Amino acid sequence: MDAGAGAQWEKAGALALLRRDWNRPEVNALYGLPFADVMLEAQSVHRENFDPNHVETASLLSIKTGGCPEDCGYCSQSAHYDTGLKATPLMDRADVVATAQRAKDAGATRFCMAAAWRSPKDRDLDQVCDMVSAVKSLGMETCVTLGMLKPEQAARLADAGLDFYNHNVDTSPDFYGKIITTRILQDRINTLAHVRDAGIKVCCGGIIGMGEGVEDRLAMLVLLANLPSHPESVPINLWNEVKAVPVNDTADRPDPIALVRLVATARIMMPKSVVRLSAGRRHMSDELQALCFLAGANSIFIGDVLLTTANPGAERDANLLARLGMTSGFD
Ligand code: SAM
Ligand code: DTB
Ligand code: SF4
């Protein structure tokens, strides 16, 4: 490792500092280190902050599917594209709770409820708050992702006992307008601030493989790591194909080594955040996932489906974690 990288490690390793002043050149340099060096740094940071042999297991449920007024160019649920997805209304609380119980029995410790809304209506929020309280009483961590929130809506979710709110920045500031035109990045940042102010933990990350460059991926990490506080959870999604959405025209499956480098860089920049290898694991070999865990990824979604697209089944995941000697909610 060269002296410059060593200096960065000193800073990243001094955890009290939790740096939020990352700049692009130093992040480019970290990302571009020889593979063994960036991996060593990432693993060192990881071991200082987490059990490196443990992976968190979360489960997703789409509680309100499709018909979304936003035009996110990657998403099956946007009403702007003819993706063939059947829209369904907000689920009943009893069905959500039964699904959460099954997810818990199958090894999930966190239950994330997602709705295809630009922002929730107040009457919808009443129902979601009831779902949050009920799922929490099963002994699971709760997460919801409902689109943009007003400060009072975030406060109501906090009162219901919500643990995490997922709201992704999705990509770099420069690339944002190429994939979404119905909102701006600042809208996302405003909601993240309302969530924080309400005392809810933040889950915030993005998607790769939409045609963005490595520069965009690193700019996204800089954006995340320079937020007023690091998100407690950072999901890194590999774009899961959806037919008839604009991203098909630009999508480009990232080099697997580039994905591992990105995970390692995220781990170094946000040492105390849980980094989730989120959507797209069905496209990853066991070996690639193992490298991502070595690089500091320590959370996955389990179950056959994410929201509307496929995920590796529990059998494959449990088998992989067992071969790696990793503990999880499967145990
Ligand atoms: N409507 C809310 C929102 O956008 O915040 C919540 C649901 S939305 C489906 C949650 C996240 O899923 C998006 O921010 C995006 O990062 C991710 N996502 C959506 N479609 C995806 C896809 N095809 N592949 C990977 N990630 C995807
Ligand atoms: C996140 O970052 N990934 C999850 C969760 N947050 C809500 C969603 C992944 C969705 C993948 C596409 C689908 O299944 O529709
Ligand atoms: Fe709607 Fe969320 Fe899909 Fe965008 S990502 S279209 S906001 S459901």
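Indexing begins at 1, ligand by ligand and atom by atom, following the structure's order. A quick note: this is a predicted structure, and the numbers were derived from the prediction, not measured.
Looking at His167, Met148, Arg188, Gln77 and measuring to atom 3 (C) of ligand 1, the nearest heavy atom belongs to Arg188.
For atom 4 (Fe) of ligand 3, the closest non-hydrogen atom on the protein side is Cys72 SG, 2.3 Å. With respect to atom 1 (Fe) of ligand 3, the closest heavy atom belonging to the protein is Cys68 SG, 2.3 Å. Shortest contact from atom 3 (Fe) of ligand 3 to any protein heavy atom: Cys75 SG, 2.3 Å.
Counting heavy atoms closer than 4.0 Å to ligand 2, residue Thr145 contributes side-chain atoms (C-beta onward) but none from N, CA, C or O. Contacts between Asn237 and ligand 2 below 4.0 angstrom, taking non-hydrogen atoms only, involve the side chain exclusively.
Within a 4.0 Å radius of atom 14 (O) of ligand 1, the protein contributes one or more non-hydrogen atoms. At least one protein heavy atom sits closer than 4.0 Å to atom 7 (S) of ligand 3.
For the pair Ala115 and ligand 1, a heavy-atom separation below 4.0 Å is found. Heavy atoms of Asn240 stay at 4.0 angstrom or farther from ligand 2. Remark: distances from the non-hydrogen atoms of Arg183 to ligand 3 include one below 4.0 Å.
For the pair Asn166 and ligand 1, the shortest N or O to N or O distance does not fall below 3.5 Å.
Dense packing is recorded around CG of Asp255, with more than 12 heavy atoms of other residues, nucleotides or ligands lying under 6.0 Å away. Remark: Gln186 CD is packed, more than 12 non-hydrogen atoms of other residues, nucleotides or ligands lying under 6.0 Å away.
Distance check, rounded to the nearest 0.5 Å: CG of Leu138 to CD of Gln101 gives 5.0 Å.
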